[in-house]
Protein chains: 2
Amino acid sequence: MKFFCNYLHESPLFAGISKNCIPAMLGCLGARTLECKKGSAIISIGDRAENLGVVLNGKIQMVNLDYYGNRSIVAEMESSQVFGEVFACSDIAVMPVDIVASEDSSVLLLNARRITQVCTNACTFHRQIIFNLLKIVAAKGLMFGQKINVVSKRTTREKLLTYLGTVAEQAGDDTFTIPYNRQELADYLEVDRSGLSSEIGKMCKEGIIRCHRSNFTLLHKQPDCR
Amino acid sequence: MKFFCNYLHESPLFAGISKNCIPAMLGCLGARTLECKKGSAIISIGDRAENLGVVLNGKIQMVNLDYYGNRSIVAEMESSQVFGEVFACSDIAVMPVDIVASEDSSVLLLNARRITQVCTNACTFHRQIIFNLLKIVAAKGLMFGQKINVVSKRTTREKLLTYLGTVAEQAGDDTFTIPYNRQELADYLEVDRSGLSSEIGKMCKEGIIRCHRSNFTLLHKQPDCR
DNA sequence: AAAAATATGTTGAATTTTCAACAAATAGTG
DNA sequence: CACTATTTGTTGAAAATTCAACATATTTTT
């Protein structure tokens, strides 16, 4: 168990908690580690939605199984990332998705109730971990909100400009590099890659943007009309 | 202030907290009420993202202003609903959207820090409100996740079937009524209303679904292949 | 430096969506 | 019940997207 505390220290769930305290906390929270062979289930659809986890090493996937039985990968998580927290903190009874190991992995599993209900011995860092959990869940909401903003647009051009606009705002600069290649950008925008490439080509010709690979410049910004 | 406690009691933020305790809590949390004329700003883009609110009466909107200056309504909230909590609980510094009153409204504003940091006099219900806040933020994440699942699909048919599939699962029945009319459903799926109507018509002819107004039946379910 | 692998751009045909305009059905009102 | 307003369905043309197939560019490997 102690072996993992270095990883955990980097996880947002344990941010601001000193390495030394983590082992005691894990005991207090009833945490358990799980070694998962590639392909094995960590949490299954229908399980009670009460656990959240931290990836210690390896890689895991969130897999959705829809009404018609089609499986689709909803998200992937790697070392130090937290999973299952949105389900465990909401009041749904059972898991609507599978969590599976896509590589040989080890994960730390925690019961959400034990986190949200302050323990009897009121350990010092309990408040911090609740605070961290809230921040993680809120951050995910923010991310989702941004993505909805983007994919709600009807055309590839609008989707792209919406996405690039938020990146430009965050960068505080009209020229910036996005963290995606073309295929990844197309996946994020939920459009066809080749269609995206050709649309980018058009927009460059029209002088709306400049683009080389993952580096973009937004031109034609309206004079600030706020 | 006391006047509002009846409303607040119905808000998910104060769930499980007895009416009598709410006035004391509001004091402890430094809550303040705001009377907002239609069209006036409650929280503005660029304000520090530290407040969350509860609509006491009236109606408010979350309005996004994109890079190019286009305004769009992202969400609407009515009595007893909570707003701003995702921003205030994440660690972004400033508000990326405006919150405005779309009708004459009154709202309760609370500082998120005062909620997340247990107060010195450790009032009994403080833990409950943190727990409620976590649940609210998580529920919003769930909602967003479901919507992303839906609007990520490329065709109107897939979007509709994805949405109907989740409703059928939640209803536990292949026949169910959705809480939207055609226009609202089209808005949720982010597609053209008339196109949606005609697609529904086709799907009925093909025997995939049955539909009358907001009442749907899913046919052709695959034998359970889990 | 050449070869192989990967990423990006380009094109045209088929499919799908949007858009506008209107028809039909339903709900609401006096 | 008749009238009006609202919602839903239908249609065809225009616009946009997907898809497949291939060309070009860039990166990685040997």
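Below, chain A is the first sequence line, B the second, and so on; all start at residue 1. These values consider heavy atoms only, across backbone and side chains, with no hydrogens, waters or symmetry-generated copies.
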Hits for salt bridge (charged side-chain N to carboxylate O under 4.0 Å, His left out) against R210(A), two or more places apart or cross-chain, chain-then-number order -> none

Tell me: CZ of R182(B) to P of dT26(C), nearest whole Å? 12 Å

What does nucleotides 10-21 of chain C look like as a protein-contact string, B for base, S for sugar-phosphate only, - for none, at under 4.0 angstrom between heavy atoms? BB----SSBBB-

Whole angstrom is fine here: how far is it from CG in L185(B) over to C1' in dT8(D)? 12 Å

List the residues meeting side-chain contact (heavy atoms from CB on, under 4.5 Å) with S194(A), not counting sequence neighbours, and say none if there are none. D192(A)

The helix from dA1(C)-dT30(D) to dG30(C)-dC1(D): angle between terminal helix axes, five bp per end, to the nearest 10 degrees, reads 50°

I'd like a table of donor-acceptor pairs (distance under 3.5 Å, sequence neighbours excluded) in which one partner is a side-chain atom from residues 75-83 of chain A, with atom names and distances.
from	atom 1	to	atom 2	distance (Å)
E76(A)	OE2	Q61(A)	NE2	2.8
S79(A)	OG	L56(A)	O	3.2
Q81(A)	OE1	E78(A)	N	3.0

Starting from P on dA16(D), measure out to CE on M203(A) and report it in whole angstrom. 13 Å

When you compare the side chain of F87(A) with that of M62(A), does any pair of heavy atoms fall below 4.5 Å? yes

Name all residues meeting the side-chain hydrogen bond (donor to acceptor under 3.5 Å, both in side chains) criterion together with N51(B); count only those two or more places apart in sequence or in a different chain, and write none if there are none. none

Sequence neighbours excluded, the answer for side-chain hydrogen bond (donor to acceptor under 3.5 Å, both in side chains) partners of T175(B) is T217(B)

Between dG9(D) atom C1' and Q183(B) atom CD, what is the distance in whole Å? 13 Å

Hits for side-chain contact (heavy atoms from CB on, under 4.5 Å) against S72(A), two or more places apart or cross-chain, chain-then-number order -> N64(A)

Partners passing side-chain contact (heavy atoms from CB on, under 4.5 Å) against N181(A) (at least two apart in sequence or in another chain): Q183(A), E184(A)

I'd like a table of atom pairs between the protein and nucleotides 24-28 of chain D - only N or O on both sides, under 3.5 Å - with the distance next to each one.
from	atom 1	to	atom 2	distance (Å)
dT26(D)	O4'	R213(A)	NH2	3.3

Can you give me every donor-acceptor pair (side chain of residues 35-47 of chain A, partner residue at least two apart or in another chain, under 3.5 Å) with its distance?
from	atom 1	to	atom 2	distance (Å)
S40(A)	OG	K37(A)	N	3.4
S40(A)	OG	K37(A)	O	2.7
D47(A)	OD2	S44(A)	N	2.9

From CD of E184(B) over to P of dT6(D), roughly how many Å is that when rounded to an integer? 15 Å

d(CG, N181(B); C1', dA27(C)) in whole Å: 13 Å

Can you run down the salt bridge (Lys or Arg N to Asp or Glu O under 4.0 Å) pairs that involve residues 133-161 of chain A, sequence neighbours left out, and say none if there aren't any? E85(A)-K140(A), K135(A)-D91(B), K147(A)-E190(A), R157(A)-E199(A), R157(A)-E206(A)

Distance from L8(A) atom CG to L13(A) atom CG, nearest 0.5 Å? 8.5 Å

dG9(C) P sits how many Å from I209(A) CD1, rounded? 10 Å

